[in-house]
Chemist: 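Please read through the structure below; I'll follow up with questions.
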Amino acid sequence: MSKRNELLKKMLYFVTRYRQKIGTYTLNEAKKMIWNETIECMDRESLRRMQSIRLRKVVECVYHNTPFYRKKMQEMGVMPDDINDMDDIVKLPFTTKYDLRDNYPFGLCAVPMRQIVRIHASSGTTGKPTVVGYTRKDLSGWTECLSRCFSAYGADNSDFFQVAYGYGLFTGGLGAHYGAENIGASVIPMSSGNTEKQITLMHDFGATVLCCTPSYALFIADAIKDSGISRNELKLKIGAFGAEPWTENMRKEIEEKLGIKAYDIYGLSEIAGPGVGYECECQDGTHLNEDHFFPEIIDPLTLQPVKQGQTGELVFTHLTKEGMPLLRYRTKDLTALRYDTCKCGRTLVRMDRILGRSDDMLIIRGVNVFPSQFESVILEMEEFEPHYLLTVDRINNTDRMELKVEVRPGFYSDEISKMLVLKKKLTARLQSVLGLGVDVKLVEPRSIERSTGKAKRIIDNRKL
Ligand code: DLL
């Protein structure tokens, strides 16, 4: 790009930013708003240069300020000077959730605690929570990521955000809250639960954007139907749904029931919280905020990088974090990355939907099975609700799966023969997709317990 064009682009960026601040852009412009065009549409070569500079700084920082990383790097014979550009990232050690737990609570912080202004934690299923600390600059970087995300959804300062992610140690509530405030929207900080009140205030305050888990969005949709409030009385138009895996079919279901456009938002506490990645209007993958978090895909068994475009485990390295920068953090999330430019103009890498977690993957009689496969099959069929519970047991040394699925009200019947036909249909489809037999139990509508946060859909009783 010529110097003149670069200058013009910069000027346009500052003018747009100023107009965002004072709110003088038109609705049409806002719909196409790219919050930070300089970064989100940067040519990949310049981005890589920027990432390399940032990586060198982070490595230098953790080597000198985090004894855990200094020890690991010394053991591997790697010094900060060995890291010159992004290609050298493979020389660096990995970090896992266990490392965070072993250094509980603040052992991986790279700054004195007086510089840490916020603490979040993720609960996990066993043991102590994983704790993360943020400096003021970390919070502002995170808020920037969420501003990019909400702008990509077409939201702006005329919107009312109902934040129904949990507030507290979980990053969902406060993360979405500050991002929405930063784009100038009016925030309704509901937190999760208290569904009746959610609906009343959604109606009375005219919420236009709903932020919650996709499973809670479905729960809210059903509760709206029961409440007698018609969809037309609500102003809702956008949903920011994430924190758990969901499928395209589930997106359709939510969009139909709530009459909105449902967008994916991805993130994890160890890296920042929500907003590590976001969908744009093209909904063709999740853009990752690569200027802050460098992504890699590795083979979870060999730990070697996979070929571009292949599915594997997503790994992140912090490029700007001060409080608790992590090198090559293994997310356990399975996905693939695409580096071509998106139709929206953003050059930031796109991540495919999370297929599952390598630690959620069930191995049933030697076959790899992901919860998302059950969800896809169930949602393909109009007779079933997207609410299910899979229980896995090992009986006489053989793995057995029992799948409880809710039948939709119009299809549920007391006639055993009708239910048997449905059951046969679902069992056959599961067998053809998974290559495994599943014991299907059809249950009444609304009989499976709902969650207001992340849904629990798998119970594995095997002692493996
Ligand atoms: O779930 C942060 C978040 C809050 C993301 C609100 C989006 C919206 P954790 O509790 O640490 O943080 O859980 C992180 O949740 O590694 C994924 O396995 C899963 N996850 C998060 N977003 C998505 C998504 C928050 N959009 C873990 N699709 C991650 C699939 C997701 N899985």
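Numbering of ligands and ligand atoms starts at 1, following listing order. These numbers come from the heavy atoms of this one structure, side chains and all, not from hydrogens, waters or symmetry mates.
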Chemist: Between R148 and E37, does any side-chain N to carboxylate O distance fall below 4.0 Å?
Modeler: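 Answer for the salt bridge query: no.
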
Chemist: In Å and rounded to the nearest 0.5 Å, what is the OH to OG distance from Y134 to S140?
Modeler: 13.5 Å

Chemist: Once salt bridge (Lys or Arg N to Asp or Glu O under 4.0 Å) is applied, do any residues pair with R56, and if so which ones, sequence neighbours excluded?
Modeler: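 Testing R56 for salt bridge (Lys or Arg N to Asp or Glu O under 4.0 Å), a comparison that skips the adjacent residues, returns none.
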
Chemist: Would A243 count as being in polar contact with ligand 1, using the rule that some N or O on each side must be under 3.5 angstrom apart?
Modeler: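 Looking only at distances, the answer is yes, because the N/O contact criterion of under 3.5 Å is met.
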
Chemist: Using a strict 4.0 Å cut-off to heavy atoms of T171, name the atoms of ligand 1 that fall inside it.
Modeler: 2 (C)

Chemist: Distance under 4.0 Å to a non-hydrogen atom of G172: what atoms of ligand 1 satisfy this?
Modeler: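 Per the distance check, 4 (C), 6 (C).
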
Chemist: Around atom 25 (C) of ligand 1, find the nearest protein heavy atom and jot down its residue, atom name and distance.
Modeler: G267 O, 3.6 Å

Chemist: Over all heavy atoms of both residues, which pair between M73 and P93 is shortest? Give the atoms and the distance, please.
Modeler: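 Taking M73 first and P93 second, the nearest heavy atoms are CG-CD, 4.0 Å.
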
Chemist: Run the numbers for me: atoms of ligand 1, each under 4.0 Å from some heavy atom of S269, listed by number.
Modeler: 9 (P), 10 (O), 11 (O), 12 (O)

Chemist: Which atoms of ligand 1 sit under 4.0 Å from any heavy atom of G242?
Modeler: 7 (C), 8 (C), 26 (N)

Chemist: With nothing but distance in play, are any N or O atoms of I265 less than 3.5 Å from an N or O of ligand 1?
Modeler: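 It does: an N or O of I265 is found under 3.5 Å from an N or O of ligand 1.
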
Chemist: Looking at every heavy atom in both I224 and S227, which two are closest together, and how far apart are they?
Modeler: O-OG, 2.7 Å

Chemist: What is the ring orientation for Y167 with H177, classed by angle as parallel under 30°, tilted 30 to 60°, or perpendicular over 60°?
Modeler: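 Aromatic pair Y167/H177 classed perpendicular.
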
Chemist: Excluding sequence neighbours, so at least two apart, what forms salt bridge (Lys or Arg N to Asp or Glu O under 4.0 Å) with E233?
Modeler: none

Chemist: Using a strict cut-off of 4.0 Å, indicate which atoms of ligand 1 neighbour a heavy atom of K454.
Modeler: 1 (O), 9 (P), 10 (O), 13 (O), 14 (C), 15 (O), 25 (C)

Chemist: So between H120, E244, K97, E279, whose heavy atom ends up nearest atom 31 (C) of ligand 1?
Modeler: E244

Chemist: With a 6.0 Å cut-off (strictly less than), is the heavy-atom count around OH of Y98, excluding the residue itself, greater than 12?
Modeler: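 Atom OH in Y98 is not packed in, count stays at 12 or less.
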
Chemist: Between the side chains of N182 and T143, is a donor N or O closer than 3.5 angstrom to an acceptor N or O?
Modeler: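 T143 and N182 do not have a side-chain donor-acceptor pair below 3.5 Å.
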
Chemist: Looking only at protein heavy atoms, which one is nearest to atom 4 (C) of ligand 1, and how far off is it?
Modeler: F170 CZ, 3.6 Å

Chemist: Check this for me - ligand 1, T331, N or O atoms closer than 3.5 angstrom, yes or no?
Modeler: no

Chemist: If you measure from each non-hydrogen atom of R353 to ligand 1, which part falls under 4.0 Å: side chain, backbone, both or neither?
Modeler: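 Neither; no heavy atom under 4.0 Å.
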
Chemist: Any atoms of ligand 1 less than 4.0 Å from a non-hydrogen atom of R357? List them with their elements.
Modeler: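 Close to R357: 16 (O), 18 (O).
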
Chemist: Where does D264 meet ligand 1, judged by heavy-atom distances below 4.0 Å: at the side chain, the backbone, both, or neither?
Modeler: side chain

Chemist: Taking heavy atoms and a distance under 4.0 Å, where does K332 meet ligand 1: side chain, backbone, both or neither?
Modeler: neither

Chemist: Other residues, nucleotides and ligands only: do more than 12 of their heavy atoms fall within 6.0 Å of OH on Y329?
Modeler: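 More than 12 within 6.0 Å, yes.
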
Chemist: Any idea which of L169, I354, L355, D333 brings a heavy atom closest to atom 17 (C) of ligand 1?
Modeler: D333

